[in-house]
Amino acid sequence: MDHSRFESGVIDLRDIAGPFDLQATLESGQSYLWDRADNGMYDSMSVSGGSHWYETVAPPIDGITDTPIVIRVRQQNDQLEWEATGDPVEVLEHLLRLDDDLTSIYDSFPDDELIKTAVEVFHGLRLVRDPPFSALISFICSAQMRVSRIHQMQMSMADAFGTIHTVDNESFAAFPTPSQLAAQSESALRDLSLGYRASYVKRTAEMVSTGEAHPATAAEHEYEAARDYLTQFVGVGNKVADCVLLFSLDYTEAVPLDTWIQTAIAEHFPACDRDGYLETSRAIRDRLGGRYAGYAQTYVFYYLRGGGEVWSVDIANLWWHVRS
DNA sequence: TAGATACCTTATAG
DNA sequence: ACTATAAGGTATC
């Protein structure tokens, strides 16, 4: 095997532009790449500011790495500690969007109370740049699913069909490659409790593994054409396509119109509540400041997703949750 | 071309 | 305990 021991190091977060919060970033339902080492992910109302270890097997990334790398990270205040099978700094900058100037991005948000509150509460939440294939599959699985179960399905696929990497006598399962996933039967996927998504996952994995299409190819197009390109995959409509564009392919203007956001639009930005997906999408994108509209959406979604308890408590109480 | 409906499975609220 | 219900939609008629 290429590597069998962890190296370690630290990224000084004072060197990046704007704040960073690892827990808010990884547990906000945009990325299903990471697993919390203590297995506590999503099992309670997660907020931000925690200091947990997260681990993943990052696949090769164009222009950065040509082999998988096992990475473990933890945030301690302004230090991002890492252990990895190689130098993961550029990979982390890429995956966690440490290259974004988050302060400038906040400045691009419209002056709005809901957004302002969400930004205060989840200060430092960044978008992610997940690898395209696993992002595509995870959002296909997201249909009619809670965040915790999407994460669970993603981890099951890795455990069942992915390549195992052993480091310091610990095992880490990579997310399956397109061919590893395409090789599975639909019933094998149903056994992981994917439900009707099983055939979508299999057929999409086949399309990618045969070279018929690849999610990364969408990036050759401008935004709306890229979204259309992605909808050729089975199980991918406009909403899932927008998720892949926003959380994997660098289209920070994409605003996935899920049920939560649609409700928020109707209640909060009624003027943007148009007839079809295309028109509402254009209106809310414009309303949220254009280029970084998807960034603003992610704050709003995470804030609203708090639902039940967190949503109903007042702001002072919410701050208590954040601080503790 | 719009508009309903079925679709898998499980966690959680009653 | 036990049953409804809803969960970051999409494909199909």
Side-chain angles (χ1 to χ4, degrees), chain A residues 24-33 39-46 118 122 125 127-128 130 134-157 160 184-207 215 227-248 254-268 274-281 284 293-312:
Chain A
T25 300
L26 294 187
E27 300 196 27
S28 46
Q30 357 164 21
S31 175
Y32 299 92
L33 185 67
N39 286 320
M41 203 170 184
Y42 303 132
D43 67 349
S44 62
M45 191 56 63
S46 48
F122 304 116
L125 186 163
L127 287 181
V128 294
D130 264 18
S134 62
L136 178 65
I137 298 299
S138 65
F139 287 104
I140 286 172
C141 290
S142 75
Q144 298 291 107
M145 278 293 144
R146 287 187 182 85
V147 171
S148 59
R149 287 214 55 220
I150 304 165
H151 184 252
Q152 186 185 96
M153 294 190 291
Q154 199 78 170
M155 296 299 117
S156 314
M157 283 186 272
Q184 307 309 319
S185 64
E186 183 183 330
S187 67
L189 290 166
R190 279 184 182 260
D191 287 344
L192 303 182
S193 56
L194 297 196
Y196 60 80
R197 301 156 198 79
S199 73
Y200 299 167
V201 167
K202 178 169 171 58
R203 290 158 71 193
T204 288
E206 283 169 348
M207 291 173 73
R227 189 171 62 193
D228 287 342
Y229 177 88
L230 289 176
T231 58
Q232 76 182 287
F233 293 106
V234 186
V236 180
N238 286 322
K239 186 270 174 184
V240 167
D242 268 329
C243 286
V244 176
L245 293 175
L246 180 61
F247 302 129
S248 175
V255 180
L257 300 180
D258 54 69
T259 52
W260 289 89
I261 292 299
Q262 301 223 30
T263 302
I265 291 172
E267 290 181 3
H268 214 77
R274 308 293 170 77
D275 238 5
Y277 191 101
L278 182 69
E279 291 305 320
T280 305
S281 169
I284 193 66
Y295 240 112
Q297 176 275 163
T298 300
Y299 276 87
V300 172
F301 175 74
Y302 193 28
Y303 184 64
L304 295 179
R305 186 175 72 76
E309 300 142 69
V310 173
W311 177 233
S312 61

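Per chain, numbering begins at 1; letters A, B, ... match sequence-line order. It should be emphasised that the depicted structure is a prediction, and the values quoted were computed from it without experimental measurement.
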Exercise. Give a yes or no on whether the backbone of A:Leu125 and the side-chain of A:Tyr299 come within a donor-acceptor separation of less than 3.5 Å.
Key: yes
Practice problem: Would you kindly give the CE-to-C1' distance between A:Met153 and B:dA11, to the nearest whole Å? | Solution: 13 Å
Quiz prompt | Integer-rounded Å distance: C:dA7 P and A:Phe139 CZ | solution = 18 Å
Practice problem: Could you give the distance separating C:dA7 and B:dC7 at their C1' atoms, to the nearest angstrom? | Solution: 14 Å
Quiz item: Whole-Å distance between C:dT10 P and A:Ile150 CD1?
Solution: 12 Å
Quiz prompt | Below 4.0 Å: OP1/OP2 of C:dG9 and any side-chain N or O of A:Thr259 | solution = yes
Quiz item: When you measure from the side chain of A:Ala143, which nucleotide among C:dG8, B:dT10, C:dG9 comes out closest?
Solution: C:dG9
Practice problem: Classify the nucleic acid contact of A:Gln297 as base, sugar-phosphate or nothing, counting any heavy atom under 4.0 Å across all strands shown. | Solution: base
Practice problem: Find the distance A:Leu278:CG to B:dT1:C1' and express it as a whole number of Å. | Solution: 16 Å
Quiz item: Across the strands shown, which category fits A:Val236 at heavy-atom distances under 4.0 angstrom: base, sugar-phosphate, nothing?
Solution: sugar-phosphate
Quiz item: How close or far is atom P of C:dA7 from atom OH of A:Tyr32, stated in whole angstroms?
Solution: 14 Å
Exercise. Report yes or no: does A:Gln262 contribute a side-chain atom to a donor-acceptor pair with the main-chain N or O of A:Leu257 at less than 3.5 Å?
Key: yes
Quiz item: Considering only C:dG9, C:dG8, B:dT10, which nucleotide approaches the side chain of A:Arg149 most closely?
Solution: B:dT10
Practice problem: Let me know the distance between OH of A:Tyr303 and P of C:dG8, rounded to the nearest Å. | Solution: 18 Å
Quiz item: Does the A:Tyr200 side chain pair with the main chain of A:Val236, one donor and one acceptor, at a distance under 3.5 Å?
Solution: no
Quiz item: In whole Å, what is the span from the CG atom of A:Asp275 to the P atom of B:dG3?
Solution: 8 Å
Practice problem: Return the value, rounded to whole Å, for the distance between atom CE of A:Met145 and atom P of C:dA7. | Solution: 12 Å
Practice problem: Tell whether A:Gln262 reaches the base of C:dG9 with its side chain through a donor-acceptor pair below 3.5 angstrom. | Solution: no
Quiz item: What integer number of Å spans the P atoms of B:dA11 and C:dT10?
Solution: 23 Å
Quiz item: With a non-hydrogen cut-off below 4.0 angstrom, is A:Ser28 in contact with a base, only sugar-phosphate, or nothing?
Solution: base
Exercise. Looking only at side-chain atoms of A:Gln144, point me to the closest of C:dG8, B:dC7, C:dA7.
Key: C:dA7
Quiz item: With a 4.0 Å cut-off on heavy atoms, is A:Phe233 in touch with a base, just the backbone sugar-phosphate, or nothing at all?
Solution: sugar-phosphate
Quiz prompt | Candidates A:Ser138, A:Ser31, A:Ser248 - the one meeting side chain to side chain donor-acceptor pair (under 3.5 Å) with A:Asp130 | solution = A:Ser31
Quiz item: Among the nucleotides B:dT9, C:dT10, C:dG8, which one has an atom lying closest to any side-chain atom of A:Val240?
Solution: C:dT10
Exercise. Can you tell me, in whole Å, how much space there is between the P of B:dA6 and that of C:dT5?
Key: 15 Å
Self-check item: First encountered from the 5' end of DNA chain C, between A:Cys243 and A:Tyr200
Solution: A:Cys243
Quiz item: With sugar-phosphate meaning primed atoms plus P, OP1 and OP2, does A:Arg190 contact a base, only sugar-phosphate, or nothing at under 4.0 Å between heavy atoms?
Solution: sugar-phosphate
Quiz item: Hey, does A:Ile284 have a side-chain heavy atom less than 4.5 Å from the side chain of A:His268?
Solution: no
Quiz prompt | Pairing pattern in dot-bracket form [Watson-Crick, G-U; both distances under 3.5 Å; | = partner strand] for DNA chain C | solution = .||||||.|||||
Exercise. Take A:Met157 and A:Ser134 through the side chain to side chain contact (heavy atoms under 4.5 Å, CB included) test and state the conclusion after the steps.
Key: CA-CA 10 Å; A:Met157 283 186 272; A:Ser134 62; over 6 Å; no
Quiz item: C:dC13 and B:dC8: how far apart are their P atoms, nearest whole angstrom?
Solution: 13 Å
Quiz item: Just by distance, do the side chain of A:Arg197 and the backbone of A:Ala143 share a donor-acceptor pair under 3.5 Å?
Solution: yes
Exercise. Determine the Euclidean distance between corresponding P atoms of C:dG8 and B:dA4; express it in Å to zero decimal places.
Key: 24 Å
Quiz item: Looking only at atom types and distance, does a side-chain atom of A:Gln30 sit under 3.5 Å from a main-chain N or O of A:Phe247, one as donor and one as acceptor?
Solution: no
Quiz prompt | A:Leu246 and A:Gln297: CA distance, side-chain angles, deciding distance, side chain to side chain contact (heavy atoms under 4.5 Å, CB included) verdict | solution = CA-CA 10 Å; A:Leu246 180 61; A:Gln297 176 275 163; 3.7 Å; yes
